[in-house]
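Data first, discussion second: the structure below is written as structure tokens.
Just so you know, residue 1 is the first one in the sequence shown, and it goes up from there.
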Amino acid sequence: HSPDVVRKKLAMRSALTPDSAKLILAMVGLPARGKSVIANKLVSFLSWTGYRTRVFNAGQKRRATSKASTRSAKLEAKQPGSSSEGNLTSLGEEAAAAAGGEEDKGAKV
């Protein structure tokens, strides 16, 4: 495409979409394959060229949320009168009944 065609397309795009100057890039893939390394290098380059960039790591957010919910569950279990272990046992009994077998009285879930 010639530069004039590209300019016309960009002008039309920005007229139709006021926030068209923004870009979101999502890195997806298997664990430990370099997504964060590439993302951080890209941020460094784009920042160096004058673009404002930010990185959001969904894995870190998920782990932080998971730790918070784990902590609240532990605190709830430590409170007097809390029967979280009883709830687990009754769930185990329900699962055994649904499977058609009897629960092993010696085993705790």
Side-chain angles (χ1 to χ4, degrees):
H1 299 292
S2 71
D4 291 334
V5 172
V6 173
R7 280 191 207 104
K8 285 181 183 178
K9 284 184 179 182
L10 288 175
M12 183 181 292
R13 178 178 171 194
S14 57
L16 295 173
T17 313
D19 61 352
S20 64
K22 296 177 184 176
L23 175 69
I24 296 176
L25 179 66
M27 303 290 290
V28 295
L30 294 171
R33 296 298 189 256
K35 296 175 298 293
S36 296
V37 172
I38 292 171
N40 288 321
K41 292 210 180 257
L42 187 58
V43 164
S44 295
F45 174 75
L46 292 173
S47 296
W48 177 73
T49 57
Y51 290 97
R52 190 175 60 145
T53 58
R54 293 172 64 185
V55 173
F56 300 96
N57 188 327
Q60 289 175 346
K61 176 70 174 168
R62 178 183 41 79
R63 283 187 284 277
T65 303
S66 174
K67 285 180 185 177
S69 65
T70 302
R71 282 189 209 120
S72 66
K74 286 180 182 178
L75 289 174
E76 191 176 292
K78 288 182 181 179
Q79 292 178 353
S82 174
S83 61
S84 62
E85 185 175 331
N87 290 341
L88 289 176
T89 304
S90 65
L91 288 174
E93 293 168 359
E94 290 174 15
E102 290 188 20
E103 181 190 5
D104 182 10
K105 301 290 183 192
K108 285 196 175 184
V109 178

Residues that [X] engages under side-chain contact (heavy atoms from CB on, under 4.5 Å), provided they are two or more places apart:
X     : value
Thr53 : Val43, Leu46, Ser47, Tyr51
Val6  : His1, Leu10
Thr65 : Lys61

Which pairs, with at least one residue in residues 1-10 and sequence neighbours excluded, count as a salt bridge (charged side-chain N to carboxylate O under 4.0 Å, His left out)? Asp4-Arg7
If you group Ile, Leu, Val, Met, Phe, Trp and Tyr whenever their side-chain heavy atoms sit less than 4.5 Å apart, what else falls in with Met12? Leu16
Sequence neighbours excluded and cut-off under 3.5 Å, please list the side-chain donor-acceptor pairs for residues 33-41, or say none.
{"residue": "Arg33", "atom": "NH1", "partner": "Pro31", "partner atom": "O", "Å": "3.4"}
{"residue": "Lys35", "atom": "NZ", "partner": "Gly29", "partner atom": "O", "Å": "3.4"}
{"residue": "Lys35", "atom": "NZ", "partner": "Leu30", "partner atom": "O", "Å": "2.5"}
{"residue": "Asn40", "atom": "ND2", "partner": "Ser36", "partner atom": "O", "Å": "3.0"}

Would you say Leu25 ends up clustered with Phe45 if hydrophobic residues are merged whenever their side chains have heavy atoms under 4.5 Å apart, either directly or through other cluster members? yes
